S.K.: 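Before I ask anything, here is the structure I am working with.
Quick note: residue numbers are just sequence positions, from 1. This is a predicted model, so every value here is computed, not measured.
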Amino acid sequence: MRITIAAVGKIKEHFFQDAIAEYSKRLSRYCRLEIVQVADEKTPDGASAALEEQIKEKEGERILSAIREDSFVIALVIDGEAPDSVELARKIEKWQVGGRDRLVFVIGGSLGLSAKVLARADYRLSFSNMTFPHQLMRVILLEQIYRSFRIIQGEPYHK
């Protein structure tokens with residue numbers, strides 16, 4: 001299985017980079033992982049709603065250009081389904097068994113995802129009603145994907 005994390009913005013903090021590298025290494029025994037970072041747009045303080053939409057559209061176009069047509073797209077959004085770890089593992093297993101060889105998890109920028117990206121999504125996933133920094137969300141997502149593969153393989157994991 002191939003898993004891509006398509007995310008807006010670069011990771012600047014070394015502790016996030018280290019955590020991402022660690023989970024990438026752990027995941028290498030279960031899947032082929034690719035992390036695609038697209039450029040973010042600067043959002044000026046006090047930006048109008050129209051300008052924020054333009055920014056989301058620009059970032060959205062960059063995200064969409066990184067997604068292959070045959071990919072199953074999972075958008076990370078606050079209002080998506082919020083499965084527990086076992087349920088997420090079962091979904092990933094179901095997608096894999098169902099012939100979904102390419103999963104793309106999409107993490108938007110600070111303003112979220114554009115309507116076009118949301119329309120392209122095959123599934124909407126939420127980790128919480130809380131808002132997390134998108135850099136931290138990459139680490140959380142990678143850890144949950146790793147946990148999912150451990151569950152699928154019947155390997156021990158912390159509950």
S.K.: Going from OG on Ser148 to NZ on Lys91, what distance comes out if it is rounded to the nearest 0.5 angstrom?
M.R.: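 Going from OG on Ser148 over to NZ on Lys91, the span is 11.5 Å.
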S.K.: Roughly how far, to the nearest 0.5 Å, is the CD atom of Glu13 from the CD1 atom of Ile20?
M.R.: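 It comes to 9.5 Å.
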S.K.: Using 0.5 Å steps for rounding, measure from the CD atom of Glu61 to the CG atom of Leu64.
M.R.: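 Nearest 0.5 Å value for the CD-CG distance: 6.0 Å.
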S.K.: Do other residues, nucleotides or ligands put more than 12 heavy atoms under 6.0 Å from the CG atom of Asp70?
M.R.: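 Above 12, so yes.
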S.K.: So, do Leu51 and Pro44 sit near enough that their side-chain heavy atoms are less than 4.5 Å apart?
M.R.: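 In short, these two side chains touch, coming nearer than 4.5 Å.
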S.K.: Would Val73 and Leu125 show up in the same hydrophobic cluster when neighbours are defined by side-chain heavy atoms closer than 4.5 Å?
M.R.: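 Hydrophobic grouping puts Val73 apart from Leu125.
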S.K.: Could you check whether Glu34 pairs with Arg102 (Lys NZ or Arg NE/NH1/NH2 to Asp/Glu carboxylate O, under 4.0 Å)?
M.R.: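 The answer is no: the pair does not qualify as a salt bridge.
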S.K.: Please work out which of the three classes, parallel, tilted or perpendicular, describes the rings of Phe72 and Trp95, given edges at 30° and 60°.
M.R.: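 Answer is tilted, since the angle falls between 30° and 60°.
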S.K.: Kindly determine whether Glu52 and Lys56 satisfy salt bridge (charged side-chain N to carboxylate O under 4.0 Å, His left out), including the steps that lead there.
M.R.: CA-CA 6 Å; Glu52 287 185 354; Lys56 283 198 301 188; over 6 Å; no
S.K.: Are any non-hydrogen side-chain atoms of Glu22 and Leu142 less than 4.5 angstrom apart?
M.R.: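 Counting from C-beta outward, Glu22 and Leu142 never come under 4.5 Å.
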S.K.: State which residue, out of Ile5, Ile63, Val8, fulfils the side-chain contact (heavy atoms from CB on, under 4.5 Å) condition with Ile107.
M.R.: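 By the side-chain contact (heavy atoms from CB on, under 4.5 Å) criterion, Ile107 pairs with just one of Ile5, Ile63, Val8: Ile5.
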S.K.: Just checking, any donor-acceptor pair under 3.5 angstrom between side chains of Gln144 and Ser85?
M.R.: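 Gln144 vs Ser85: donor-acceptor pair found between side chains.
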S.K.: Val139 versus Glu143: any side-chain heavy-atom pair under 4.5 Å?
M.R.: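 Sidechains of Glu143 and Val139: no contact.
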S.K.: Quick one about Gln153 and Arg29 (side-chain donor to acceptor, distance below 3.5 Å, no hydrogens or angles considered), yes or no?
M.R.: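 Arg29 vs Gln153: no donor-acceptor pair found between side chains.
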